[in-house]
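One structure is given below, encoded as structure tokens.
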Amino acid sequence: NAGVMQNPRHLVRRRGQEARLRCSPMKGHSHVYWYRQLPEEGLKFMVYLQKENIIDESGMPKERFSAEFPKEGPSILRIQQVVRGDSAAYFCASSPWRELAKNIQYFGAGTRLSVL
Amino acid sequence: DQQVKQNSPSLSVQEGRISILNCDYTNSMFDYFLWYKKYPAEGPTFLISISSIKDKNEDGRFTVFLNKSAKHLSLHIVPSQPGDSAVYFCAASLLKTSYDKVIFGPGTSLSVIP
């Protein structure tokens with residue numbers, strides 16, 4: 001009965017490289033959310049996905065960031081050509097069918113991205 | 001434009017006393033509110049929630065109060081224990097919308113002093 005799994009836990013990239021963050025939701029959960037937490041700040045919503053669909057990406061920067069949740073496999077948050085300002089903790093959360101969930105989301109432990 | 005505000009970045013409380021964490025929101029359409037707790041190097045975990053049709057919800061040592069007219073909610077922890085030391089995030093959502101977007105506040109770091 002594993003929880004939300006994120007990997008890697010820590011990721012170091014040099015400026016200009018690509019970062020790929022993975023998230024496996026809890027079993028039976030079809031909704032995935034990505035959040036970013038900058039140092040000394042709260043959780044900022046980035047994107048909400050269901051299987052094979054992006055439902056809301058209003059929190060995603062317009063360039064360099066993309067997310068997917070394929071039919072098979074984990075959800076991926078991809079950051080191309082990383083810059084120092086991308087250094088943050090990225091959290092993934094999942095939830096089951098909304099009537100049951102009452103908007104309760106289950107979070108992974110996060111991926112801490114450091115851009116050198 | 002911060003829709004959910006937690007104006008106290010930090011709070012220190014003596015063990016055994018009451019901890020009161022406050023949260024204000026700006027959107028009167030929010031109809032469901034949640035509190036999450038986060039330890040360092042871990043993800044947030046759900047703590048307690050309240051629907052806008054209620055003004056109080058209690059779960060053990062944790063009680064959440066909602067004042068809709070003031071657009072204010074608070075989390076009370078009684079008695080506070082050292083293990084409660086964590087960052088607490090207030091969150092608000094719209095259950096009536098077509099999807100489950102949740103807006104988080106910036107968090108309050110609670111320290112319970114033994």
Side-chain angles (χ1 to χ4, degrees), chain A residues 2-10 21 23-26 29-51 53-60 69 89-112, chain B residues 1-10 21-25 27 29-54 57 59 64 86-110:
Chain A
V4 177
M5 304 301 292
Q6 288 188 250
N7 67 83
R9 291 294 307 276
H10 301 276
L21 288 66
C23 170
S24 296
M26 287 180 73
H29 288 193
S30 55
H31 306 246
V32 166
Y33 315 80
W34 285 93
Y35 295 85
R36 176 164 66 174
Q37 184 180 26
L38 293 168
E40 307 303 322
E41 293 188 17
L43 296 163
K44 300 293 186 187
F45 168 80
M46 298 182 75
V47 62
Y48 163 50
L49 311 102
Q50 294 180 20
K51 283 284 187 182
N53 286 305
I54 296 174
I55 306 303
D56 181 357
E57 57 182 347
S58 59
M60 289 274 273
F69 188 17
Y90 293 82
F91 290 96
C92 169
S94 71
S95 68
W97 183 246
R98 68 187 295 268
E99 280 78 7
L100 298 176
K102 289 255 180 183
N103 280 344
I104 296 170
Q105 298 176 11
Y106 298 83
F107 282 81
T111 293
R112 275 146 189 83
Chain B
D1 180 26
Q2 205 170 37
Q3 296 189 66
V4 179
K5 302 174 185 179
Q6 293 177 258
N7 292 322
S8 297
S10 61
L21 293 90
N22 294 304
C23 176
D24 297 289
Y25 59 95
N27 188 345
M29 298 296 290
F30 286 138
D31 57 7
Y32 201 74
F33 304 89
L34 310 96
W35 285 93
Y36 282 80
K37 175 179 174 179
K38 183 183 180 302
Y39 292 117
E42 295 184 12
T45 54
F46 170 73
L47 189 58
I48 192 168
S49 61
I50 187 166
S51 165
S52 61
I53 62 173
K54 294 186 175 182
N57 188 25
D59 183 1
V64 56
V87 176
Y88 289 80
F89 292 102
C90 171
S93 67
L94 287 160
L95 280 185
K96 298 186 187 70
T97 57
S98 59
Y99 62 87
D100 305 316
K101 189 168 182 177
V102 177
I103 308 296
F104 284 83
T108 296
S109 179
L110 173 67

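Numbers restart at 1 for each chain; the letters A, B, ... are given by sequence-line order, proteins then strands.
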Of the listed B/Gly105, B/Ser109, B/Ala41, the one with the largest count of heavy-atom pairs under 4.5 Å with chain A is B/Ala41
Rounded to the nearest 0.5 Å, what separation is found between the [atom1] atom of [X] and the [atom2] atom of [Y]?
| X | Y | atom1 | atom2 | value |
| --- | --- | --- | --- | --- |
| B/Phe104 | A/Gln105 | CZ | CD | 5.5 Å |
| A/Phe107 | B/Phe89 | CZ | CZ | 8.5 Å |
| A/Ile104 | B/Thr45 | CD1 | OG1 | 11.5 Å |

When A/Gly59, A/Gly108, A/Ala109, A/Ala93 are compared by non-hydrogen pairs under 4.5 Å with chain B, the top option | A/Ala109
What do you reckon, is CE of A/Met60 surrounded by more than 12 foreign heavy atoms closer than 6.0 Å?
-> yes
Assess whether atom NZ of B/Lys54 is packed by more than 12 heavy atoms of other residues, nucleotides or ligands within 6.0 Å.
-> no
With sequence neighbours left out, the residues meeting side chain to side chain donor-acceptor pair (under 3.5 Å) with B/Lys37 are B/Tyr39
Check ring pair (Phe, Tyr, Trp, His ring centres under 6.0 Å) between B/Phe33 and all other residues, then give those that pass, not counting sequence neighbours.
-> B/Tyr25
Tell me, for A/Gln6 versus chain B, whether the close heavy atoms (under 4.5 Å) come from the side chain, the backbone, both or neither.
-> neither
Can you see which heavy atom on B/Lys38 is nearest to which on A/Phe91, and at what distance?
-> CE-CZ, 3.4 Å
